[in-house]
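See structure below.
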Amino acid sequence: MAQGVRHICGGCGHAIEAWSDGNPYYIDKAGDKQYAYHPDHELLAKCIGNDSPHLCLSCGFEFMVDSNDPVANCPKCKTGEIACTYDLDNKQCPFCKEGVFNIDPDLFAIS
Ligand SMILES: [Zn+2]
Ligand SMILES: [Zn+2]
């Protein structure tokens with residue numbers, strides 16, 4: 001069961017959507033990373049890791065963090081001010097540097 005949320009900046013209106021369980025992946029026979037999408041439970045059972053989308057709170061760069069190879073800094077500007085896009089509530093918006101993100105009550109999806 002995955003929950004979707006949308007965070008909206010109160011200053012500039014920038015919106016970011018996220019799913020609670022990120023992007024589970026498995027390695028196929030060729031050794032390539034493949035994402036398993038809901039509701040393919042057979043593929044989900046093979047998953048060995050998870051890429052979760054993160055946002056740099058300094059430069060606004062969005063990137064994936066691999067659960068098997070986690071990073072603590074933004075790959076672009078090297079700051080440690082990064083946050084999971086599912087957990088942006090009350091975080092300062094990096095795009096306008098004025099507003100903070102709040103959960104959009106109009107979007108609440110469950111897949
Ligand atoms: Zn903003
Ligand atoms: Zn950055």
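Atoms within a ligand are numbered from 1 in the order they appear, just like the ligands themselves. Starting from 1, each residue takes its place in the sequence as its number.
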**Q.** N/O/S from H14 sitting under 2.8 Å away from the Zn ion (ligand 1)
**A.** no
Q) Any side-chain heavy atom of I82 sitting closer than 4.5 Å to one from L57? A) no
Q. Should the ring pair F95 and H14 be called parallel, tilted or perpendicular, given that the plane angle runs from 0 to 90° and is split at 30 and 60?
A. parallel
(Q) Tell me whether D51 contacts the main-chain N or O of N23 through its side chain, where contact means a donor paired with an acceptor under 3.5 Å. (A) no
Q | Backbone N/O of I48 and side chain of N68: donor-acceptor pair under 3.5 Å | A | yes
(Q) Tell me the angle that SG of C56 and SG of C74 form around the Zn ion (ligand 2), rounded to 10°. (A) 110°
Q. Hey, what's the angle at the Zn ion (ligand 1) spanning SG (C93) and SG (C96), nearest 10 degrees?
A. 110°
